[in-house]
Amino acid sequence: MGLFGNYDFGNKDSHQLDNILGFDYSLAKPSIMEKDPEMILKMNKPIKGHTAFLLTGRRGSWKTTHSIALCNYFEKLGYDTILALSPADLRRCDMLVIEDIGKWFDARDFGTKVSKEFGKLLQFIRTEIPLVFATTPKEKGVDKRIREYFIPATILRKGTIMTPIFNLSVKAPDFDYFMEMKNKEHNTRSDEFDRIVDNIKVELSSKLGSKKK
């Protein structure tokens, strides 16, 4: 089922997606192992510390929903937050979410200049960005040197991110914010689609031209 599935977006009490997306905290009390993600940022920021999580899961496992939820949560707390949908979105901030990092730094492109440069950037991110989340369908799909900087994480259930250290509690995003970020994601994907199609056409045209000679 796609993200929007059969959910009723007309029923958005208080502009929250808790019930629409299944972020239902009434079913069970949070475990003592569940932590507020702000705790990590508060701990890291004063000492220029750094924590990075790589959130993995198959398509449709709510990675993007949780990415948006995290950004919305930290923005409401007053932090400088970025949801990076392309490398052009990267900059210094308090909390960074890199959506689909494997698309940028594929393991099959190991050793490319952009992967090497991003590997260098990750060394500086340690003192410049206190908290980073990145998403990808499969951990091994990301360049090995890059994924070594991240702590593995998965979605235990809607509203809870599981890590080897503790679980992070994630509140559902505001409806308007969610729709704004989803539209931004769709537009970015459309632009990327057009760019890839153009590249394919240029490559095919070049090959056909070579054969005619």
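It should be emphasised that the depicted structure is a prediction, and the values quoted were computed from it without experimental measurement. Along the sequence shown, residues carry numbers from 1.
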**Request:** State, without any angle test, whether Glu75 and Thr81 hold a side-chain donor-acceptor pair at a distance under 3.5 Å.
**Result:**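 The criterion, which ignores hydrogens and geometry beyond distance, is not satisfied for Thr81 and Glu75.
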
**Request:** Would you check if there is a donor-acceptor pair between the side chains of Asp174 and Tyr73 at a distance under 3.5 Å?
**Result:**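 Distance-only check fails for Tyr73 and Asp174.
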
When rounded to the nearest 0.5 angstrom, what is the spacing between [atom1] in [X] and [atom2] in [Y]?
X	Y	atom1	atom2	result
Glu185	Thr64	CD	OG1	4.5 Å
Arg147	Lys138	CZ	NZ	12.5 Å
Lys158	His66	NZ	NE2	9.0 Å
Thr56	Ile101	OG1	CD1	12.5 Å
Glu38	Leu70	CD	CG	12.0 Å
Cys71	Met181	SG	CE	7.5 Å

**salt_bridge(Arg157, Glu34) N-O dist < 4.0 Å** =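 Judged by the 4.0 Å cut-off on N to carboxylate O distance, Arg157 and Glu34 do form a salt bridge.
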
**Audit row: Thr136, Leu55, side-chain contact (heavy atoms from CB on, under 4.5 Å) steps and yes/no** = CA-CA 6 Å; Thr136 186; Leu55 186 59; over 6 Å; no

Under 4.5 Å between any side-chain heavy atoms of [X] and [Y], yes or no?
X	Y	result
Leu168	Ile40	yes
Phe133	Ile98	no
Arg91	Ile82	yes
Pro130	Thr51	no
Asp94	Leu131	no
Thr160	Val170	no
Phe53	Pro152	no
Ile151	Pro164	yes

**Request:** Before giving the answer on side-chain contact (heavy atoms from CB on, under 4.5 Å), spell out for Asn167 and Lys35 the whole-Å C-alpha distance, their side-chain angles and the decisive distance to 0.1 Å.
**Result:** CA-CA 6 Å; Asn167 294 343; Lys35 306 296 182 182; over 6 Å; no

Could you tell me which non-hydrogen atom of [X] sits nearest to which non-hydrogen atom of [Y], and how far apart they are?
X	Y	answer
Asp89	Leu83	OD2-O, 4.0 Å
Ala52	His50	CB-NE2, 3.5 Å
Ile155	Lys63	CD1-N, 3.6 Å
Asp100	Pro137	OD1-CD, 3.8 Å

Indicate if [X] and [Y] have the same hydrophobic cluster label, given that clusters are the connected sets of ILVMFWY residues with side-chain heavy-atom separations under 4.5 angstrom.
X	Y	result
Leu54	Leu156	no
Tyr149	Ile129	yes
Met162	Val132	no

**Prompt:** After noting the C-alpha distance and the side-chain angles of Ser67 and Glu99, does the key distance pass the side chain to side chain donor-acceptor pair (under 3.5 Å) rule?
**Reply:** CA-CA 8 Å; Ser67 295; Glu99 182 66 18; 3.2 Å; yes

**Prompt:** Between Lys42 and Tyr79, does a side-chain contact (heavy atoms from CB on, under 4.5 Å) hold up when you go through it step by step?
**Reply:** CA-CA 11 Å; Lys42 278 185 171 180; Tyr79 293 104; 3.7 Å; yes

**Prompt:** Do Asn72 side-chain atoms and Ile68 backbone N/O form a donor-acceptor pair below 3.5 Å?
**Reply:**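 Here the side-chain-to-backbone pair does not exist.
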
**Message:** Any side-chain to backbone donor/acceptor pair from Thr163 onto Phe166? Under 3.5 Å, distance only.
**Reply:** yes

**Asked** Under the criterion side-chain contact (heavy atoms from CB on, under 4.5 Å), which of Leu41, Asp80, Val97 is the partner of Phe74?
**Response**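 Testing Phe74 for a side-chain contact (heavy atoms from CB on, under 4.5 Å) against Leu41, Asp80, Val97 leaves exactly one candidate, Leu41.
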
